[in-house]
Number of protein chains: 2
Amino acid sequence: MIFRLNPSSGIPLYLQLMEQVKHSVETGALREGDQLPTIRRLAEDLVMNPNTVVRAYRELEHEGVVKLKHGSGAFIKESASGRARLIHKAQTVIQSTVERLLSLGLTEDELRRAFENELAQTRSSRRSKALTEGKP
Amino acid sequence: MIFRLNPSSGIPLYLQLMEQVKHSVETGALREGDQLPTIRRLAEDLVMNPNTVVRAYRELEHEGVVKLKHGSGAFIKESASGRARLIHKAQTVIQSTVERLLSLGLTEDELRRAFENELAQTRSSRRSKALTEGKP
DNA sequence: CAACGTGTACTAGTCTATCGACACACTATG
DNA sequence: CATAGTGTGTCGATAGACTAGTACACGTTG
């Protein structure tokens, strides 16, 4: 449950914190129902403003990873572990694909771009498919 | 050779322009040696500042897609088509992987995150591998 | 029911990315 | 060799993201 952030990495602190929480859930270090550190407590430990921790926690709540309870604290949501396992499986598939494409000679940036293009492409086709099937 | 940008999409104009140029190369609409529109001409057509076109062109040059010739114009680089074909092949592989993972129930954001994680992971292992093999 | 600990809300400062205005330097062309 | 058309460079304005400071509201606990 020790989070370590890098203030000079260029990556926003609240994003780094979100990453670490998600990662802890995926590795099982944090389980359903576990309480996260208090906002103030964590802010003090990491030497940053409580609002930055709030930002991270609130976005994690928005993503369905944690549940904030006014007056009590922040807790790992029920469904979080299941999704974590799903994502962990996906990681294997992604790994082999990425390795294959990199070995073909693609640069990391080219790979990222092709991936984003594919998401955009698939997104629009999913939309039209949902429409024809009557699932808005 | 008609580029169409969306000023209110939240995506920077110079990035949108870069995308369109790259896409044109990948589809074959732009071939090796072809001249791109003049900076001022394109800026006028797209109703934006010449500097924004410059930004796009310069980054494309940095990526090896185009070659800027002082006094003459901007041209598609020699090696660009070859890379475009490579990327086009990669797109097929990526497509099947993305579709498979989406059908497993992953959200787009989860997929994106897992992908970025994989890149970071692979990046660090590539680094250490290069070191042990003496290829800095 | 009081007091402490929790998350919440509002406001403001700072920094960076993006885009724009304008003057400079090179090159083809007649 | 002049001129028009090309890319190059410098500077500034603006908007948005990120972080911080401070006061408020709810809930648990004795």
Side-chain angles (χ1 to χ4, degrees), chain A residues 1 3-21 30 33-77 80 109 112 116, chain B residues 1 3-21 30 33-77 80 109 112 116:
Chain A
M1 191 62 129
F3 299 129
R4 306 190 82 259
L5 306 186
N6 178 1
S8 58
S9 73
I11 300 174
L13 295 174
Y14 79 98
L15 281 181
Q16 293 186 46
L17 182 51
M18 287 176 67
E19 270 315 299
Q20 305 231 355
V21 172
L30 284 173
D34 281 357
Q35 178 164 9
L36 289 163
T38 281
I39 289 180
R40 288 172 183 78
R41 174 70 194 286
L42 189 52
E44 194 168 356
D45 283 2
L46 300 179
V47 195
M48 60 183 177
N49 195 283
N51 278 335
T52 305
V53 179
V54 168
R55 173 97 186 254
Y57 277 14
R58 275 189 56 81
E59 300 226 358
L60 283 172
E61 181 174 41
H62 214 247
E63 292 184 3
V65 178
V66 310
K67 173 66 181 174
L68 295 178
K69 294 186 182 175
H70 202 163
S72 325
F75 303 85
I76 301 297
K77 229 182 163 186
D109 282 344
R112 182 179 288 108
E116 286 296 338
Chain B
M1 193 63 127
F3 299 129
R4 308 192 81 257
L5 307 186
N6 178 2
S8 58
S9 73
I11 300 173
L13 295 174
Y14 79 97
L15 281 180
Q16 291 185 47
L17 181 51
M18 288 175 66
E19 269 316 298
Q20 305 231 353
V21 172
L30 285 173
D34 282 356
Q35 177 164 11
L36 288 163
T38 281
I39 288 179
R40 288 172 182 77
R41 173 72 194 286
L42 189 51
E44 193 169 356
D45 283 2
L46 300 179
V47 195
M48 61 182 176
N49 195 284
N51 279 337
T52 306
V53 179
V54 169
R55 173 97 184 255
Y57 278 14
R58 276 191 55 80
E59 301 226 359
L60 283 172
E61 181 174 43
H62 212 249
E63 292 184 4
V65 178
V66 310
K67 172 67 182 174
L68 295 178
K69 295 186 182 174
H70 201 164
S72 329
F75 303 84
I76 302 296
K77 230 183 162 184
D109 282 343
R112 181 179 290 108
E116 286 296 337

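A, B, ... follow the sequence lines: proteins, then strands. Residue 1 opens every chain.
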Trainee: Should the pair Glu44(A)-Arg40(A) be classified as a salt bridge under the 4.0 Å nitrogen-to-oxygen rule?
Mentor: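 No salt bridge links Glu44(A) with Arg40(A).
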Trainee: Just to confirm, is there a sub-4.0 Å distance from OP1 or OP2 of dT6(C) to any side-chain nitrogen or oxygen of Thr38(A)?
Mentor: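 It does, given that an N or O in the side chain of Thr38(A) lies less than 4.0 Å from OP1 or OP2 of dT6(C).
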Trainee: Side chain of Met48(A) only, heavy atoms from C-beta on: which candidate in dA20(D), dT6(D), dG7(C) is closest?
Mentor: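 The answer is dA20(D).
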Trainee: Across the strands shown, which category fits Tyr14(A) at heavy-atom distances under 4.0 angstrom: base, sugar-phosphate, nothing?
Mentor: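 Sugar-phosphate, backbone atoms only, no base.
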Trainee: Whole Å only: how far is the CD atom of Glu59(A) from the P atom of dG7(C)?
Mentor: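 Whole-Å distance recorded here is 17 Å.
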Trainee: Rounded to the nearest angstrom, tell me the gap between atom CZ in Arg55(B) and atom C1' in dT10(D).
Mentor: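 Arg55(B) atom CZ is separated from dT10(D) atom C1' by 15 Å.
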Trainee: Rounded to the nearest angstrom, tell me the gap between atom CD in Gln16(A) and atom P in dA17(D).
Mentor: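 Gln16(A) atom CD is separated from dA17(D) atom P by 19 Å.
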Trainee: Could you tell me how far apart His70(A) (NE2) and dT6(C) (P) are, to the nearest whole angstrom?
Mentor: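 Value for this atom pair: 12 Å.
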Trainee: Could you grab the distance from atom CG of Asn49(A) to atom CD1 of Ile39(A), nearest 0.5 Å is fine?
Mentor: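 Going from the CG atom of Asn49(A) to the CD1 atom of Ile39(A) covers 11.0 Å.
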Trainee: Under 3.5 Å, is there any donor-acceptor pair linking the side chain of Asn51(A) to the base of dA12(C)?
Mentor: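 No, the side chain and the base share no sub-3.5 Å donor-acceptor pair.
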Trainee: Name the closest nucleotide to the Ile39(A) side chain, picking from dC24(C), dT8(C), dG27(D).
Mentor: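 The answer is dT8(C).
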Trainee: Pick the nucleotide of DNA chain D nearest each of Asn49(A) and Pro37(B); which residue has the one closer to the 5' end?
Mentor: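 By nearest-heavy-atom nucleotide position, the 5'-most residue is Pro37(B).
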Trainee: Rounded to the Å, how far apart are Leu15(B) CG and dT18(C) P?
Mentor: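 Spelled out: CG on Leu15(B) to P on dT18(C) is 6 Å.
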Trainee: Taking CD from Gln35(A) and C1' from dG5(C), how many angstroms apart are they, rounded to a whole number?
Mentor: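 After rounding, the gap between these two atoms is 11 Å.
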Trainee: Which atom names give the shortest non-hydrogen contact between Leu13(B) and Pro7(B), and what distance separates them?
Mentor: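 Shortest heavy-atom separation between Leu13(B) and Pro7(B) comes out as CD2-CA, 3.9 Å.
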Trainee: May I ask you to evaluate whether Ser72(A) reaches the phosphate of dT28(D), defined as a side-chain N or O under 4.0 Å from OP1 or OP2?
Mentor: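 For dT28(D), OP1/OP2 do have a side-chain N/O of Ser72(A) under 4.0 Å.
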Trainee: Under 3.5 Å, is there any donor-acceptor pair linking the side chain of Arg40(A) to the base of dG7(C)?
Mentor: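 Present.
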Trainee: Where the side chain of Arg58(B) is concerned, which of dT6(C), dG7(D), dT8(D) is the nearest nucleotide?
Mentor: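 For the Arg58(B) side chain, the nearest candidate turns out to be dT8(D).
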Trainee: When you get a sec, tell me which of dT6(C), dT19(D), dG20(C) is the closest nucleotide to the side chain of Thr52(B)?
Mentor: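 It is dG20(C).
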Trainee: Rounded to whole angstrom units, what separation is found between the CG atom of Leu13(B) and the C1' atom of dA15(D)?
Mentor: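 Going from Leu13(B) (CG) to dA15(D) (C1'), I get 14 Å.
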Trainee: Identify which nucleotide among dG7(C), dA21(C), dG7(D) has an atom closest to any side-chain atom of Leu68(A), counting heavy atoms from C-beta outward.
Mentor: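 It is dG7(C).
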Trainee: Roughly, in whole Å, what's the span from CD in Glu44(B) to P in dG20(C)?
Mentor: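 Going from Glu44(B) (CD) to dG20(C) (P), I get 14 Å.
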Trainee: Using only atom types and a distance under 3.5 Å, with no angle test, would you say the side chain of Ser9(B) pairs donor to acceptor with the backbone of Ile11(B)?
Mentor: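 Answer holds: yes.
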Trainee: Any carboxylate oxygen within less than 4.0 angstrom of a Lys/Arg side-chain nitrogen, looking at Glu61(A) and Lys77(A)?
Mentor: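 Looking at Glu61(A) and Lys77(A), the cut-off is not met.
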